[in-house]
K.L.:
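First the structure, which I've put down as structure tokens, then a few questions once you've had a look.
Residue numbers begin at 1 in each chain, while the letters A, B, ... track the order of the sequences.
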Amino acid sequence: MAGIKYFTTPIYYVNSYPHLGHAYTTLVVDSLARYYRLKGYEVFFLTGTDEHGDKIVKAAQKVGKSPQEFVDEIATIFRKTWDSLLVTYDNFIRTTEERHKKVVQYILQKLYEKGEFYLDEYEGNYCFGCERFLTSKELDEEGKCKDHKTPPVYLKEKNYFFNLEKYRPWLKELLEKEDLIYPSFYKEEVLNLLEEPLPPLCISRPKARLSWGIELPFDRDYVTYVWFDALINYLSGIGFPENPSWEKLWTNSYHFIAKDILKPHAIYWPIMLRALGLPPYKKLFVHGYWLMHKMKMSKSLGNIVDPLYLSQKYGRDILRYYLLREMAFGYDAEFSLENFILRYNADLANDYGNLIFRTLNLVEKHFKGVVQPYGELRPEDLELRAVVEGALKKYEKYFEALQFHTALEELFQAIRYANVYIDRTAPWKEIKEGRLERAGTILRNLLSAIKAFAIALSPVLPDSSETLLRNLGLNLKDLSFEDTTNWGLPKEGSIVYKGSPLFPRIEKEEISEMKIQEPIKEESKEEKEVYPIEEFRKWDLRIGKVVFAEKVQGADKLLRLEVLCPEKRQIVSGIAQYYKPEELIGKEVVIVVNLKPAKIRGILSEGMLLAAHDDKGLTLIVPEKEVTAGAKVS
RNA sequence: GGCGACGUAGCUCAACUGGUUAGAGCAUGUGGCUCAUAUCCACAGGGUUGGGGGUUCGAGUCCCUCCGUCGCCA
């Protein structure tokens with residue numbers, strides 16, 4: 001056994017569907033997991049979903065589902081997305097599972113007994129979007145939450161707090177002396193935060209306000225804060241504390257996150273572990289964002305940047321390759337569909353795919369697919385091997401340093417060199433001139449180089465590598481990274497198949513179609529949001545009979561109406577330019593009755609008339625036949 | 001306002017602790033090959049490394065300053 005690697009993605013919050021950012025983290029981890037398995041490591045790969053909190057309850061309500069129904073549904077979507085992207089997670093943990101809740105409660109109880117928590121009354125501005133109290137600095141000029149643009153609610157309540165400040169000196173020292181966080185500029189960011197005292201972390205929420213969470217074992221009136229719950233998945237997912245194997249995994253733990261959740265992972269989590277008496281994780285790897293300048297994320301474009309859409313349209317490996325090749329781990333990167341296609345065509349279709357196809361084609365056509373024996377090896381043959389082996393060394397070095405884009409580039413240099421080799425040795429020419437042994441040697445050498453590429457790239461291109469190796473008469477399952485440099489494979493006398501092109505080119509017409517689509521869609525960026533019918537049902541619309549109407553003094557647009565629906569209401573409406581008061585009396589109109597009453601020109605308006613307007617003017621919406629005043633409109 | 005990152009060819013990025021004429025890939029142009037997915041190979045053009053100043057025998061790399069983009073904190 002070469003060693004143990006325990007890799008985690010964050011558990012994804014199920015208030016939204018999987019997007020490119022989720023896919024990137026997950027695919028990076030999957031590629032690493034596959035890579036280390038190939039190298040003979042014992043790998044444990046954990047992913048999952050974070051399912052508690054107020055936002056989930058709200059999102060579920062919005063679509064008229066119970067929280068449990070809702071989270072079941074989205075968790076399934078996440079799992080299916082990863083399955084279809086060939087993600088080889090070893091365990092999928094959900095925070096609503098019993099096995100997770102038990103561990104959270106165990107940890108809460110333990111920390112409580114150690115006296116880490118204290119009860120305190122707190123009052124302040126609570127933002128439901130953030131699910132926490134905000135400081136005055138976190139509010140904008142209008143007193144709204146800067147993130148959510150909504151006014152906070154003033155709350156006063158008792159809660160349990162965790163004194164983080166106590167651990168600040170320890171954490172600072174730890175981060176300074178150990179390279180826990182990579183890339184290091186994120187470490188600097190955290191150290192910067194640790195210059196200031198840490199406010200206590202509120203770890204509870206009163207059930208009276210929020211019940212969708214894990215109950216505190218020492219106080220049944222509370223549930224725990226989602227972050228406190230969520231971070232623990234990294235332990236509950238490996239069977240802590242009951243399954244003894246948790247410890248060997250934990251001491252080899254590598255967390256992967258996007259930069260937005262740096263703080264909980266770099267501050268709360270190590271402190272929680274310390275308080276528990278556990279060592280910190282081994283490393284925290286932080287990556288940047290995928291930006292979409294040319295196509296902002298919008299619902300209409302959602303399908304294009306939807307990881308599933310991309311993989312289904314172009315192949316399961318393509319997205320993996322693109323994401324790893326294009327982003328320098330740690331930094332932000334630009335995603336564009338055009339670039340995606342260019343990258344695919346240049347690297348996978350033209351260089352790699354074509355190399356494979358032209359080689360296999362020659363073997364199939366002239367040697368009936370039979371792998372030939374090596375004849376005498378010439379300097380150029382050995383040169384190819386040297387180039388491939390050199391590239392593999394660099395590939396390993398960069399891959400293990402998470403520099404995937406450089407690693408892939410290094411390997412592709414060897415792939416390009418193989419194209420140079422086939423051109424220079426021109427096996428088709430040797431065949432024509434009857435030197436079959438020489439041609440056989442060249443092709444065998446090439447087949448072996450291709451096998452090396454297929455194995456080395458299998459963590460990134462699992463699907464096509466498997467197919468390719470099968471066509472070479474091999475099986476990925478029986479191979480390890482060391483076989484990349486076994487020039488005896490594929491074996492003499494075995495049969496290879498060219499099959500159909502592994503990476504068919506995406507034609508130019510298709511690319512220009514996309515280019516046309518992008519700007520058009522961009523212009524319609526004011527995408528109308530869609531809502532479920534429950535949202536509409538919130539509005540109480542009624543038929544109202546106008547019994548009185550008069551102009552509002554001093555306002556040339558306003559009329560004051562009295563309407564029966566069936567009780568009498570006063571409504572101020574801006575329709576004076578289109579209707580005379582006397583025209584309106586006796587008319588039946590549509591009224592929104594549960595609108596918050598407002599004073600207009602000092603007159604109370606208890607509702608609103610519905611009207612249609614275009615550039616010609618305005619017309620009231622009226623029932624086609626006479627109906628009872630107060631009849632519901634739906 | 002404080003801390004930090006970034007700014008290198010049209011695009012995406014390299015260049016270890018400062019060391020010879022700043023490199024790749026894509027895109028562009030020209031030529032070649034024909035086994036191949038109109039693919040591949042060769043060659044070429046293209047950069048006062050954001051501006052300015054400084055240290056040094058020598059700076060993309062270090063220092064100062066200004067400009068621009070972004071992040072975290074306030």
Side-chain angles (χ1 to χ4, degrees), chain A residues 135-139 146-147 181 183-199 258-263 266-267 286-289 291 293-294 315 322-323 325-336 338-367 391 394 397-398 401 403-433 439 442-443 446 450 464 498-509 511:
Chain A
T135 62
S136 54
K137 290 156 206 153
E138 289 173 298
L139 303 176
K146 279 179 185 168
D147 284 341
I181 303 173
S184 58
F185 51 85
Y186 289 115
K187 175 178 93 178
E188 299 299 328
E189 212 169 285
V190 176
L191 281 172
N192 202 351
L193 276 171
L194 294 177
E195 290 296 314
E196 307 278 326
L198 288 171
K259 62 184 181 182
D260 57 332
I261 50 175
L262 178 61
K263 199 167 153 181
I267 297 179
V286 187
H287 68 78
Y289 292 150
L291 305 173
H293 258 320
K294 287 173 188 160
Y322 177 79
L323 293 181
R325 175 64 184 80
E326 216 58 27
M327 176 178 267
F329 189 91
Y331 296 88
D332 291 352
E334 186 74 25
F335 181 92
S336 95
E338 194 189 335
N339 200 242
F340 178 85
I341 307 293
L342 286 174
R343 179 57 76 193
Y344 169 76
N345 274 348
D347 292 358
L348 294 178
N350 294 351
D351 288 344
Y352 187 38
N354 190 233
L355 170 73
I356 294 162
F357 199 74
R358 68 200 298 208
T359 304
L360 287 171
N361 181 60
L362 285 168
V363 180
E364 198 163 275
K365 208 150 115 187
H366 300 286
F367 298 98
K394 287 185 178 165
K397 176 184 139 196
Y398 286 115
Q403 298 298 309
F404 308 108
H405 68 307
T406 317
L408 289 167
E409 172 54 26
E410 290 292 348
L411 197 68
F412 268 77
Q413 276 187 30
I415 290 174
R416 277 178 232 118
Y417 186 78
N419 275 316
V420 173
Y421 171 78
I422 195 172
D423 259 42
R424 290 199 185 146
T425 55
W428 52 89
K429 211 167 154 188
E430 302 289 348
I431 290 162
K432 241 181 226 165
E433 294 168 11
I442 294 165
L443 292 173
L446 275 164
I450 289 169
S464 43
K498 86 173 164 182
S500 50
L502 271 184
F503 304 106
R505 233 183 118 70
I506 299 172
E507 293 306 330
K508 288 220 169 71
E509 303 82 70
I511 299 169

K.L.:
Quick one: on RNA chain B, does Asn339(A) or Ala346(A) contact a more 5' nucleotide (nearest heavy atom)?
P.N.:
Asn339(A)
K.L.:
Taking the C1' atom in each of C64(B) and G71(B), what is the distance between them to the nearest angstrom?
P.N.:
24 Å
K.L.:
For Glu430(A), check salt bridge (charged side-chain N to carboxylate O under 4.0 Å, His left out) against everything at least two apart and list the hits.
P.N.:
Arg435(A)
K.L.:
Restricting to salt bridge (charged side-chain N to carboxylate O under 4.0 Å, His left out), what partner residues turn up for Lys187(A), sequence neighbours left out?
P.N.:
Asp179(A)
K.L.:
Take atom CZ of Phe335(A) and atom P of U12(B), then tell me their distance rounded to the nearest Å.
P.N.:
15 Å
K.L.:
With sequence neighbours excluded, what pairs up with Asp423(A) under the salt bridge (charged side-chain N to carboxylate O under 4.0 Å, His left out) test?
P.N.:
Arg358(A)
K.L.:
C1' atom, A42(B) versus C63(B): distance in rounded Å?
P.N.:
45 Å
K.L.:
Using the C1' atom on both, measure U30(B) against G45(B) and round to a whole Å.
P.N.:
10 Å
K.L.:
Does Tyr344(A) have any ring-ring contact (aromatic ring centres under 6.0 Å, His included) partners at least two apart in sequence or in another chain, and if so, which?
P.N.:
none
K.L.:
Of the non-hydrogen atoms in Ala391(A) and Glu410(A), which two are nearest, and what is the gap between them?
P.N.:
CB-O, 3.6 Å
K.L.:
Step through the shown structure and confirm whether more than 12 heavy atoms of other residues, nucleotides or ligands are within 6.0 Å of NZ on Lys394(A).
P.N.:
no
K.L.:
In whole angstrom, give me the gap between the C1' atoms of G23(B) and U8(B).
P.N.:
10 Å
K.L.:
Given the P atoms of G51(B) and U56(B), what is the spacing between them in whole Å?
P.N.:
23 Å
K.L.:
Can you check the distance between C11(B) and C16(B), where both ends of the measurement are the P atom (answer in whole Å)?
P.N.:
23 Å
K.L.:
Looking at the rings of Tyr398(A) and Phe329(A), which for Trp means the six-membered one, are their centres under 6.0 Å apart?
P.N.:
no
K.L.:
Please write out the pairs of protein N or O atoms and N or O atoms of nucleotides 29-36 of chain B separated by less than 3.5 Å, giving the distance to one decimal.
P.N.:
from	atom 1	to	atom 2	distance (Å)
C35(B)	OP1	Lys432(A)	NZ	3.4
C35(B)	O2'	Asn361(A)	ND2	3.0
C35(B)	O2	Arg358(A)	NE	3.3
C35(B)	N3	Arg358(A)	NE	3.4
C35(B)	N3	Arg358(A)	NH2	2.6
C35(B)	N4	Arg358(A)	NH2	2.9
A36(B)	OP1	Lys365(A)	NZ	3.3
A36(B)	O2'	Asn354(A)	ND2	2.7
A36(B)	N1	Arg358(A)	NH2	3.2
A36(B)	N3	Asn354(A)	OD1	3.2
A36(B)	N3	Arg358(A)	NE	3.2

K.L.:
Measure from the side-chain heavy atoms of Leu342(A) and tell me the nearest of C26(B), U39(B), U37(B).
P.N.:
C26(B)
K.L.:
Looking for any heavy atom pair under 4.0 Å, which part of the strands does Ala349(A) touch: base, sugar-phosphate only, or nothing?
P.N.:
base
K.L.:
Of the residues in residues 404-419 of chain A, which ones touch RNA chain B at a heavy-atom distance under 4.0 Å?
P.N.:
Glu409(A), Arg416(A), Asn419(A)
K.L.:
Considering only the C1' atoms, how many Å lie between G19(B) and G60(B), rounded to the nearest integer?
P.N.:
13 Å
K.L.:
Which heavy atom of Pro504(A) sits nearest a heavy atom of Pro501(A), and at what distance?
P.N.:
CD-O, 3.7 Å
K.L.:
Could you give the OH-to-P distance, from Tyr398(A) to A24(B), as a whole number of Å?
P.N.:
15 Å
K.L.:
Would you give the length of the straight line joining atom CG of Leu446(A) to atom OG1 of Thr425(A), rounded to the nearest 0.5 angstrom?
P.N.:
6.5 Å
K.L.:
Starting at atom CZ of Phe329(A), determine the distance to atom C1' of C13(B), rounded to an integer number of angstrom.
P.N.:
18 Å
K.L.:
Between U37(B) atom C1' and Ile341(A) atom CD1, what is the distance in whole Å?
P.N.:
15 Å
K.L.:
When the C1' atoms of G46(B) and U39(B) are compared, how many Å lie between them, rounded to an integer?
P.N.:
26 Å
K.L.:
Quick one: which protein N/O atoms are closer than 3.5 Å to N/O atoms of nucleotides 70-73 of chain B? Pair and distance per line, please.
P.N.:
from	atom 1	to	atom 2	distance (Å)
C72(B)	O4'	Glu189(A)	OE2	3.4

K.L.:
Once you round it to whole Å, what is the distance between C1' of C11(B) and CZ of Phe340(A)?
P.N.:
18 Å
K.L.:
Can you name the salt bridge (charged side-chain N to carboxylate O under 4.0 Å, His left out) partners of Glu196(A), sequence neighbours left out?
P.N.:
none
K.L.:
Quick one: ring-ring contact (aromatic ring centres under 6.0 Å, His included) partners of Phe503(A), sequence neighbours excluded?
P.N.:
Tyr352(A)
K.L.:
Which dot-bracket string describes RNA chain B (Watson-Crick N1-N3 plus N6-O4 or O6-N4, or G-U N1-O2 and O6-N3, all under 3.5 Å; [ ] crossing; | other strand)?
P.N.:
(((((((..((((.....[...)))).(((((.......))))).....(((((..]....)))))))))))).
K.L.:
Rounded at 0.5 Å granularity, tell me how far CD1 in Ile415(A) sits from CG in Asp347(A).
P.N.:
8.5 Å
K.L.:
Leu262(A) CG to G4(B) C1': how many Å, rounded?
P.N.:
13 Å
K.L.:
For the atom pair CG (Asp351(A)) and CD1 (Ile356(A)), what is the distance rounded to the nearest 0.5 Å?
P.N.:
11.0 Å
K.L.:
It should be established whether Asn350(A) places a side-chain nitrogen or oxygen under 4.0 Å from OP1 or OP2 of nucleotide U37(B).
P.N.:
no
K.L.:
Please name all residues satisfying side chain to side chain contact (heavy atoms under 4.5 Å, CB included) with Asp260(A), sequence neighbours left out, ordered by chain then number.
P.N.:
Ala258(A), Tyr289(A)
K.L.:
Starting at NZ of Lys394(A) and ending at C1' of A24(B), how long is that distance when rounded to a whole Å?
P.N.:
12 Å
K.L.:
Would you indicate what Glu195(A) reaches in the nucleic acid, counting non-hydrogen atoms under 4.0 angstrom: base, sugar-phosphate, or nothing?
P.N.:
nothing
K.L.:
Taking ring-ring contact (aromatic ring centres under 6.0 Å, His included) as the definition, give me every residue that meets it alongside Phe340(A), ordered by chain and number, with sequence neighbours left out.
P.N.:
Tyr314(A), Tyr322(A)
K.L.:
Take atom OH of Tyr331(A) and atom C1' of U69(B), then tell me their distance rounded to the nearest Å.
P.N.:
15 Å
